[in-house]
Amino acid sequence: MGMKSKFKRFFELEDEVQQVEELVDDSYGEPEEEGRSRSRGKGQSSQNVVSLQSVQKASKVILLEPRTYDEAQDIADHLKARKAVIINLQRISHEQAKRVVDFLSGTVYAIGGDIQKLGTNIFLCTPDNVDVSGSITEMMQEHFQS
């Protein structure tokens with residue numbers, strides 16, 4: 001017995017290979033339901049099948065206060081990782097803050113996200129998987145008018 005056969009038996013891959021070969025040979029021309037019932041191997045059931053759309057990861061919101069323009073790339077990396085970011089630009093010079101906002105605007109555009117101004121030098125950047133409804137400026141105007 002060759003080394004390859006020993007490994008196949010050890011890992012029980014031989015049964016899986018046979019099941020796949022049977023599935024490929026027998027499933028052509030049969031109704032779909034019969035093909036599905038044969039594709040289930042030992043110990044498998046329809047309860048083990050989970051839709052990928054039903055699996056959801058917890059969303060994160062990152063709060064950042066960059067002190068230099070060099071930190072803009074770190075913020076963009078969070079956005080590329082599909083995390084919402086609130087940026088406080090009050091501790092950075094006005095010129096560098098404008099550069100950070102320009103850089104993040106391009107990043108948000110590239111990933112199909114959104115950037116919104118929340119207040120003086122405070123911005124919310126969101127990737128395409130985050131929807132933001134409402135507007136803080138509208139709420140603030142209503143509060144001050146009443």
Test item: side-chain donor near acceptor, Asn121 and Gln90, under 3.5 Å: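 Per modelled atom types, Asn121 and Gln90 side chains form no pair under 3.5 Å.
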
Nearest atoms (heavy-atom pairs only) where [X] meets [Y]:
X	Y	value
Ala84	Thr126	CB-CG2, 4.0 Å
Arg67	Gln96	O-OE1, 3.9 Å
Ile75	Val85	CG2-CG1, 3.9 Å
Pro66	Glu71	CA-OE1, 3.3 Å

For the atom pair [atom1] ([X]) and [atom2] ([Y]), what is the distance rounded to the nearest 0.5 Å?
X	Y	atom1	atom2	answer
Phe123	Ile87	CZ	CD1	8.5 Å
Arg82	Asp128	CZ	CG	4.5 Å
Gln73	Thr107	CD	OG1	9.0 Å
Lys98	Leu89	NZ	CG	13.0 Å
Gln116	Leu124	CD	CG	6.0 Å
Asp74	Leu79	CG	CG	11.5 Å

Under 4.5 Å between side-chain heavy atoms, counting indirect links through other Ile/Leu/Val/Met/Phe/Trp/Tyr residues: same cluster for [X] and [Y] or not?
X	Y	value
Val108	Leu64	yes
Val130	Ile122	yes
Phe103	Ile92	yes

